[in-house]
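When a residue number appears, it is its place in the shown sequence, counting from 1. Values below: all heavy atoms of this structure, side chains included; hydrogens, waters and symmetry mates excluded. Whatever order the structure lists them in is the order used to number ligands and atoms, beginning at 1. Quick caveat, the model's predicted, so the values are computed rather than measured.
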Amino acid sequence: MTFDVYGIEKWGKKFFQVLDNGNLGLLNPLKIKNEPIDLTKIVKKLNQKLSPPYIIRVSDYLEFMINEINENFNKSIKTIGYKNKFKSVYPIKVNQQSQVIKNVVKYSKKFNSGLEVGSKAELLIALSQNLTKNALIVCNGTKDEEFVKLSLLSNKLDIKTVLVIESLRELDLIIKISNLLKIKPLLGIRIKLTNLISGKWSQSSGDRSAFGLPVDKITEALTKLKKNQLLECLILQHSHLGSQVPDIIEIRKYTQEACRFFIEIINYGAPLKYIDLGGGLGVDYTGENKSKFHSVNYSMEEYCINIVETLKLEFDKAKTNHPVIITESGRATVAPSSILVFNILDTTIFDVKSCPKLNKKDHTYLSFMMQILNYINKDRIQECFNDLNYYRDELRILFRNGQINLSEISKIEKTYLFVLNRIKKFVEEKKLNSNPVASKLKNLADIYHGNFSLFQSLPDMWAIDQLHPIAPIQKLNLKPKKHVILNDITCDSDGMISKFVLNDGIKDTLPIHEVKKNEEYYLGVFFVGAYQETLGDLHNLFGDTNISTVKLEENGKFKIVHEQIGDKISQVLSYVEYSSSEVLKIFSEKTTKFYKNNSISSKEKNQLLKNFKASIDGYTYFEN
Ligand SMILES: Cc1ncc(COP(=O)(O)O)c(C=O)c1O
């Protein structure tokens, strides 16, 4: 029997399944008949050499998503009778890690897919990949002379590098350098659409968006191109409406507006061949299938059909040849393929099951606290809560004034929690969710401390309240009895997770099993492949986690195809301007001084140095 309190069947339906033994299974969406692979077995295997936390990248999921995007567009093109092709372009910024890019290029080769870059560093990554001859490298972002030069020169190597004009200043630079090098550029123009999208990234769209040329500047750019005999180089129109677009209607409206610009630019005389619609294809993190920030109200199939249908209608109406369709879906391509797995290190339990025995010496208020238990009822719940807090606060004042001692205040705090838990239980049993006390009691959830850094591994959860599904990877056949919030390993009160995707909606606590002493209990955070790996920071100097790329095989087997050891302490020290050899030297001189003073023995000196050196070479996270 399984208890899908986590909604795994909703958000994870193509990728995850609870196994009979209660562990989480990884399905292979490329080979649906294959036996699911037990995720705990992968973790056990990794534990033989490394320590959690891990990012586990499932290469089959990446391949599947690349196939899905390309095949759905190709199918829509065929069904709708669109007279040109689809080409995907992967935006490197969404996950730049070398193993990810290597696999993106490998799996998308058969579709002649390209890459999108937004900086010089990303351009270098793109130019060093073995793309097919027909693949494009689309260069967005602000470009300096070096960026423009390298892009232009790369065309000599049979690489189709398209410089997307982001501003008139940039166009002047492109004209100057292409004249200097005598190389005709492949040009794109980034247009600013007026349609405003909803969701978290709405500022990427509409009049106030920072990107793209507004109408008046487009006409200026076209005039300038014509004057410099470069209009014939303008082959691509680019626009991007923002990431994680929740509503399919917005995608339709936006595509329609992009078409109008495309048709007008063609009418002006530019030989546009490609319509690049940027990113926007969202991920249904909650599995709700709704137009909400963490969800989307459309499927991949619908997304493709809506775009192709809109394009065909508009271009046919204007009697314009159908251009090649490009999209730059990064989030949808990589999000599903990475899972963060971490272990629970400790628990802070606020649920006091037994009440301390009172005696005559105890303060009267303590017995008043206990008497509250006699009048807990529906109509007096607020009164009970007020009384309990009043007595506890008064007793805390007495402690601060030295009128009661440590063991007395400890008994008071325990009694407080005991009574408060009884009030909470009553509120839950009677389902008094709308009672103001209910919201105040939320803070009473126990805390599970996890071996991960929110800032390093889940930065969007911290910064923009992004939701990722979280679930245990074992015991899914046992009903979770506790409700907790999660705390990370950093010493920061912000390192908390207190919003969870569950089967019955978004909740403030995570149902979880009791974790016994010395028990290894793991949680998985899902769909973390997009943006999280490089946006993360080094708060408290917790660095990159260990990473492993896994390939799913037949008969419940798997292969670890690549392992990337996480940051060592020496590495994170170097990011903040420390040389580990210098740090070691200073520490070593200090121990020698104490040894010479006879303050420490030779054995102690050696022990100190041995431990210091081991830490320098060690993992930044908690190790067993
Ligand atoms: C120009 C451009 N293309 C593509 C993307 C990726 O979009 P998505 O996150 O929707 O895949 C972005 C990200 O915002 C972008 O700025």
Side-chain angles (χ1 to χ4, degrees), residues 62 65-66 68-70 72-73 87-96 100-101 104 108 113-119 122-123 125-126 136-143 147 162-167 170 188-193 195 197-206 209-213 236-248 250-251 254-255 258 274-285 293-296 298 300 303-304 306-307 325-338 459-460 463-464 466 468 527-535:
L62 182 61
M65 290 312 299
I66 288 172
E68 279 284 283
I69 295 174
N70 284 281
N72 271 295
F73 263 111
K87 254 182 207 283
S88 61
V89 164
Y90 171 78
I92 293 187
K93 71 157 107 26
V94 181
N95 192 326
Q96 303 99 330
V100 174
I101 298 295
V104 165
S108 61
S113 305
L115 295 166
E116 184 263 355
V117 306
S119 67
E122 289 183 357
L123 176 64
I125 294 176
L136 299 185
I137 294 179
V138 177
C139 301
N140 287 314
T142 309
K143 300 161 203 75
F147 194 148
V162 180
L163 279 165
V164 177
I165 304 160
E166 295 260 3
S167 68
E170 198 165 280
I189 188 163
R190 182 159 182 174
I191 55 168
K192 190 189 291 219
L193 300 179
N195 266 312
I197 59 145
S198 55
K200 213 57 179 185
W201 285 273
S202 65
Q203 70 274 23
S204 309
S205 63
S209 141
F211 311 105
L213 293 162
L236 181 144
Q237 175 187 291
H238 184 277
S239 52
H240 169 66
L241 77 168
S243 196
Q244 186 67 14
V245 178
D247 194 339
I248 191 71
E250 292 171 338
I251 288 164
Y254 154 88
T255 307
Y274 303 92
I275 184 161
D276 182 341
L277 297 166
L281 174 57
V283 170
D284 195 354
Y285 291 97
F293 167 36
H294 313 286
S295 182
V296 289
Y298 53 89
M300 171 85 76
Y303 174 81
C304 299
N306 274 263
I307 288 181
I325 307 167
I326 294 180
T327 65
E328 300 175 356
S329 296
R331 181 186 295 273
T333 307
V334 289
S337 59
S338 294
D460 280 347
I464 55 165
Q466 168 76 54
H468 288 276
F527 303 114
V528 298
Y531 298 105
Q532 305 313 290
E533 290 193 40
T534 34
L535 280 182

Could you tell me whether [X] and ligand 1 have an N or O pair separated by under 3.5 Å?
X: S243; answer: yes
X: Y531; answer: yes
X: H240; answer: yes
X: H238; answer: no
X: G330; answer: yes

Task: 4.5 Å side-chain heavy-atom contact, C139 and F147 - done: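 When only atoms from C-beta onward are counted, F147 and C139 do touch, with a gap below 4.5 Å.
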
Task: L62 side chain near V334 side chain, heavy-atom distance below 4.5 Å - done: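 The answer is yes, as the side chains (C-beta and beyond) meet within the 4.5 Å cut-off.
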
Output the list of atoms in ligand 1 that are nearer than 4.0 Å to some heavy atom of [X], sorted by atom number.
X: E116; result: 1 (C)
X: N140; result: 1 (C)
X: P91; result: 4 (C), 6 (C)
X: S329; result: 11 (O)
X: G280; result: 7 (O), 8 (P), 10 (O)

- [ ] With H468 as reference, evaluate Y285, Y531, F527 under the ring pair (Phe, Tyr, Trp, His ring centres under 6.0 Å) test and give the passing residue.
- [x]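 Exactly one pass, corresponding to Y285.
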
- [ ] Would you give the length of the straight line joining atom CD of E122 to atom CD of Q96, rounded to the nearest 0.5 angstrom?
- [x]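 Output value for this atom pair is 5.0 Å.
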
- [ ] Mind checking the CG-CD1 spacing from L535 to I464? Nearest 0.5 Å is all I need.
- [x]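 The distance works out to 8.5 Å.
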
Task: Side-chain donor/acceptor of Y254 to backbone N/O of S239, under 3.5 Å - done: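 Yes, the answer is positive, given that a donor and an acceptor are paired below the 3.5 Å cut-off.
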
Open item on the list: Given V117, which partner from the list N140, I137, V164, I125 fulfils the side-chain contact (heavy atoms from CB on, under 4.5 Å) test?
Closed with: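 Single side-chain contact (heavy atoms from CB on, under 4.5 Å) partner of V117 among N140, I137, V164, I125: I137.
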
